Amino acid sequence: MLRLLRLLLLLLPPPGSPEPPGLATLSPGAPPQSPDLLYADGLRAYSAGAWAPAVALLREALRSHAELGRARRDCGARCAAEPGAALPDAPGPKSQPGPPPRAWERLLLRAALSRAECLNQCAARRLGPGGAARLRVGSALRDAFRRREPYNYLQRAYYQLKKLDLAAAAAHTFFVANPTHLQMREDMAKYRRMSGVRPQNFRDLETPPHWAAYDSGLELLGRQEAGLALPRLEEALQESLAQLESCRAGCEGPEEHQREEEEEGTGSQGGLYEAIAGHWIRVLQCRQRCVGDTATRPGRSFPVPDFLPSQLRRLHEAHAQVQWGICPRLWKMS
């Protein structure tokens with residue numbers, strides 16, 4: 001309880017200060033706290049009807065979870081670019097030049113250990129002593145944040161605090177990822193009938209940038225405004241590639257190792273080489289999943305087929321309309 005009170009003093013704004021717009025971060029620059037503890041404390045405050053503390057704790061849980069993800073991705077990208085952590089090429093046939101198998105194994109082991117040391121040191125600098133291992137997030141909490149469950153509690157707490165614009169934004173954010181949630185569907189209908197809620201309040205607070213640009217570009221292209229659609233489609237492609245690389249950079253580190261142990265039950269039972277091989281197989285599997293994750297809209301179960309190639313086709317179509325004035329109907333005939 002004492003820890004909770006000290007944390008609330010840090011999170012709550014000064015008396016009389018206005019509520020920041022949206023769900024802005026509360027303590028920018030501060031090292032993240034444990035998201036699972038913040039979330040648990042937020043749910044306890046919510047259950048007790050302490051609406052303002054619940055909002056503060058749930059928002060800080062979201063901020064810490066997002067910062068933890070950014071740190072893992074940034075450290076993964078940085079350490080992958082370190083010269084000493086680069087994985088050696090596999091030995092080819094005997095007729096081709098290259099290190100012999102035994103030498104290659106030593107290079108692989110050295111690179112794997114160097115990459116692990118780099119990840120631990122980078123996480124400690126970004127997240128404080130203990131790094132990402134101190135802030136590991138279990139599978140249940142990962143699923144809760146993936147389903148955006150904190151926003152369900154936030155919208156109810158904001159409603160109790162009479163902050164209807166923020167309640168509508170939180171409700172919409174949850175509903176985008178849970179379109180079949182019947183209670184939220186009813187809540188959304190109630191918010192739309194309230195006089196203090198405007199249409200622009202219904203905004204997704206966690207829309208991935210590549211989907212926002214992609215949908216905007218498609219809408220403009222559908223209205224045959226190719227000149228305006230072109231920069232949005234180019235932005236969507238760049239953001240999609242950035243999201244893909246960001247996701248892949250986050251496929252290493254303590255949380256991914258924890259995911260491996262949860263999947264296996266007790267972790268790897270083999271020797272050192274087997275453990276390294278198993279780890280890199282799962283890293284590759286994770287990197288491959290990133291393709292589908294990037295192409296999956298929030299709230300959908302399956303990715304958009306050929307998402308990246310379809311963006312290139314849309315870009316080609318937009319360029320053709322801008323440069324040569326080709327009618328969109330000709331694309332359907334070709």
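Just so we're clear, the structure is a prediction, and the values are computed from it rather than from any experiment.
Rounded to the nearest 0.5 angstrom, R156 CZ and L154 CG are separated by 12.0 Å. Separation of atoms CD (E60) and CG (L37) is listed at 12.5 Å; rounding is to 0.5 Å. Atom-to-atom distance recorded for L237:CG and R314:CZ is 14.0 Å, nearest 0.5 angstrom. The distance from the OH atom of Y158 to the CG atom of L164 is 12.5 Å, given to the nearest 0.5 Å. The CZ atom of R125 sits 12.0 Å away from the CG atom of D74 when rounded to the nearest 0.5 Å. Atom CG of L228 is separated from atom CG of L221 by 11.0 Å, given to the nearest 0.5 angstrom.
Contact check on E219 versus R223 returns a salt bridge, with a Lys/Arg side-chain nitrogen under 4.0 Å from an Asp/Glu carboxylate oxygen. Comment: R126 engages E67 in a salt bridge, judged by a side-chain N to carboxylate O separation of less than 4.0 angstrom. D204 has a carboxylate O that lies under 4.0 Å from a charged side-chain N of R148, or vice versa, which qualifies the two as a salt bridge.
No donor-acceptor pair under 3.5 Å is formed between the side chain of S216 and the backbone N or O of A212. At distances below 3.5 Å, at least one donor-acceptor pair connects side-chain atoms of S47 with backbone N or O atoms of L43. Using a distance-only test at 3.5 Å, with no hydrogens or angles considered, no donor-acceptor pair links the side chain of S64 to the main chain of P35. A donor-acceptor pair under 3.5 Å is formed between the side chain of N201 and the backbone N or O of R198. Between the side chain of R248 and the backbone N or O of R287, at least one donor-acceptor pair lies under 3.5 Å. Without hydrogens or angle criteria, N178 side chain to R147 main chain gives a donor-acceptor distance under 3.5 Å.
A single hydrophobic cluster is not seen to contain both V176 and M188; linkage of ILVMFWY side chains at heavy-atom distances under 4.5 Å, directly or through other members, places them apart. Taking hydrophobic clusters as Ile, Leu, Val, Met, Phe, Trp and Tyr residues chained together by side-chain heavy-atom distances below 4.5 Å, L220 does not share a cluster with L218. In terms of hydrophobic clustering, with Ile, Leu, Val, Met, Phe, Trp and Tyr side chains grouped at heavy-atom distances under 4.5 Å, L244 and L284 are assigned to different clusters. Note on F175: it clusters hydrophobically with Y151, by side-chain heavy-atom contacts below 4.5 Å among ILVMFWY residues. Under the 4.5 Å side-chain heavy-atom criterion for ILVMFWY residues, a single connected hydrophobic cluster contains both M194 and F174.
For S240 against L308, the heavy-atom pair with the smallest separation is CB-CD2, 3.8 Å. Closest heavy-atom contact between P208 and P298: CD-CG, 3.9 Å. The nearest pair of heavy atoms linking L119 to C79 is N-SG, 3.4 Å. The shortest heavy-atom contact between L57 and G42 is CB-CA, 3.7 Å. Taking all atoms of both residues into account, the shortest heavy-atom contact from A157 to Y46 is N-CE1, 4.3 Å.
Between Q311 and L315 there is no side-chain heavy-atom pair separated by less than 4.5 Å.
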side-chain contact (heavy atoms from CB on, under 4.5 Å) between E206 and L62, worked out: CA-CA 11 Å; E206 290 203 4; L62 288 166; 4.1 Å; yes

Chi angles and distances behind the side-chain contact (heavy atoms from CB on, under 4.5 Å) call for L161, V55: CA-CA 10 Å; L161 294 171; V55 165; 3.9 Å; yes

Check against side-chain contact (heavy atoms from CB on, under 4.5 Å), R232 and D215: CA-CA 9 Å; R232 296 296 285 163; D215 291 338; over 6 Å; no

Residue pair T294, L241: steps toward the side-chain contact (heavy atoms from CB on, under 4.5 Å) verdict: CA-CA 9 Å; T294 302; L241 295 174; over 6 Å; no

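Checked against the 2.5 Å cut-off, the SG-SG distance between C118 and C75 does not fall under it. Between C251 and C286, the two SG sulfurs come within 2.5 Å of each other, short of that mark.
In this structure, R192 satisfies the cation-pi test against F202, with its NZ or CZ atom closer than 6.0 Å to the six-membered ring centre and inside 45 degrees of the ring normal.
A donor-acceptor pair shorter than 3.5 Å cannot be found between the side chains of E239 and Y214. A donor and an acceptor atom, one from each side chain of Y191 and Q155, are located under 3.5 Å apart. One side chain, Q121 or E117, offers a donor N or O that lies under 3.5 Å from an acceptor on the other.
Checked against the 6.0 Å centroid threshold, W211 and F307 count as a close aromatic pair.
Other residues, nucleotides and ligands contribute at most 12 non-hydrogen atoms within 6.0 Å of the OH atom of Y153.
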